[in-house]
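A quick write-up on the structure given underneath.
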Amino acid sequence: MGEISASNEAHVEVTNQQPKKGYTGLPAKCINGALAGVAGVTCIFPIDLVKTRLQNQQVSDGRRMYNNLFDCFIKTAKADGIRGLYKGFGVNVTLISPEKAIKLVGNDFFRYHLRKDGAHLGLHREMLAGGGAGLCQVIITTPMEMLKIQLQDAGRRISVQKKKVPAVAVPDLASKINPSLTRAYSANLADVSPSAWTLARNLLQTEGIFGLYRGLGATLMRDVPFSMVYFPLFAHLNAMGVKRENGRASFKHSFMCGCLAATVASLSVNPVDVIKTRLQLLQHAPGEQTYDGIRDCATKIWKQEGPSAFFKGASCRLLVISPLFGIAQAVYYYGVGEFLLGIPKQWL
């Protein structure tokens, strides 16, 4: 869930010169980006959980656990309650603030340094700046989604295991870690899942820091192209609504531009998002396919589930990304960061 730019071209750059129209300041942008991420994730997290479960779902004995996003949502709510729809929320909302701050500042940084003498950025430089921002954000995105996915998918695996007779735990990472983590995925099927802290601690103990960066390659393949598409597209669409009197587009215009740009970018990288989600899943239900890497995962999905499998959860992803960007734009333009730091309105 990674990718936010709410800055207009007129006020995106940060310099050490005297304040001028369009200047928001680096600290204010960091605060706005962080708050935007928290607000957006809080609103769309249940849909993100449904997306994860749909993408990890594999057909077993000709049957699927979930028929569509509504079926998945209803079954999850019935089985786990409303709290179950927010499994993994804690780790996500904790790390979303630095992730969005890095993303926002990274894009501004690259745009500023790629512009020559205040000239207009060409499309290739806009894409390069966006790609640089996507590259920076994976420092936080990869471990955040790694932990979030385990917690989001726990309920699905438990349900699958209950239907399997006999139920045997897949000898993946579970054989290396301590009982507190293994218990949640064992054949005993305690209807609990380990906390994000327990997962992180055991990964660090067994695999070191690289354990938290499983799926890094696939994350880069998703986030860098997404940013290369989203940032320039949003900037050009948003520029069409910029008013001369204040150098900014209206809230409604920016909201719609953010939704549209995010929709296009999201669809373009959905196949890689499916691969990333599968690779980052540490535990599998009995009989489910495991993967050795990006190529192996892509090949097995294509042969065993068909090309359409690469767009599993696409509708959910759109329902996640589009409102996330819309909400983020709203929070960003509200100017909480400027208010907290006492930046005068005439500077904006």
So, using side chain to side chain contact (heavy atoms under 4.5 Å, CB included) as the criterion, who are the partners of L212 when residues are at least two apart? P143, L147, A200, L203, L204, I209

Pair K148 + D48, salt bridge at N-O below 4.0 Å: yes

We want to know whether E145 and T141 form a side-chain donor-acceptor pair, criterion being a heavy-atom distance below 3.5 angstrom. no

Student check: side-chain heavy atoms of S266 and Y230 closer than 4.5 Å: no

L267: hydrophobic cluster co-members (side-chain, 4.5 Å): L318

Would a 4.5 Å heavy-atom cut-off, applied to side chains only, mark L319 and V50 as touching? no

Would D80 and R53 pass as an ion pair if we require N to O under 4.0 Å? yes

Could I get the full list of side chain to side chain donor-acceptor pair (under 3.5 Å) partners for T219, not counting sequence neighbours? none

With sequence neighbours left out, the residues meeting side chain to side chain donor-acceptor pair (under 3.5 Å) with Q55 are K51, D273, T277

Inspect the contact between E305 and K312 and indicate whether a charged nitrogen and a carboxylate oxygen are less than 4.0 angstrom apart. yes

For T76 and G84, which heavy atoms make the closest approach, and how far apart are they? CG2-O, 4.4 Å

With sequence neighbours excluded, what pairs up with V272 under the side chain to side chain contact (heavy atoms under 4.5 Å, CB included) test? M221, R222

Could I get the full list of side chain to side chain donor-acceptor pair (under 3.5 Å) partners for H236, not counting sequence neighbours? E126

Determine which pairs satisfy ring-ring contact (aromatic ring centres under 6.0 Å, His included) with at least one residue from residues 78-102, sequence neighbours left out, and list them in order. F45-Y86, F45-F89, Y86-F89

Any non-hydrogen side-chain atom of R214 less than 4.5 Å from a side-chain atom of L282? yes

Among residues at least two apart in sequence or on other chains, which ones pass side chain to side chain contact (heavy atoms under 4.5 Å, CB included) with T299? R295, K303

Taking the side chain as every heavy atom from C-beta outward, state whether K276 and I149 have any atom pair closer than 4.5 Å. yes

What are the two closest heavy atoms between L279 and G293, and how far apart are they? CD2-O, 3.7 Å

When you compare the side chain of M256 with that of L260, does any pair of heavy atoms fall below 4.5 Å? no

Taking side chain to side chain donor-acceptor pair (under 3.5 Å) as the test, write out the residues that go with T142, two or more places apart. none

Any heavy-atom pair between the side chains of F210 and L216 that's under 4.5 Å? no

Applying salt bridge (Lys or Arg N to Asp or Glu O under 4.0 Å), which residue pairs with at least one partner in residues 65-77 are found, sequence neighbours left out? D71-K75

Contacts of Y213 that satisfy ring pair (Phe, Tyr, Trp, His ring centres under 6.0 Å) - sequence neighbours left out: none

Taking ring-ring contact (aromatic ring centres under 6.0 Å, His included) as the cut-off, I'd like each qualifying pair that reaches into residues 295-315, sequence neighbours left out, listed once. none

Hey, any chance I74 and L49 share a hydrophobic cluster, counting ILVMFWY side chains that come within less than 4.5 Å of each other, even indirectly? no

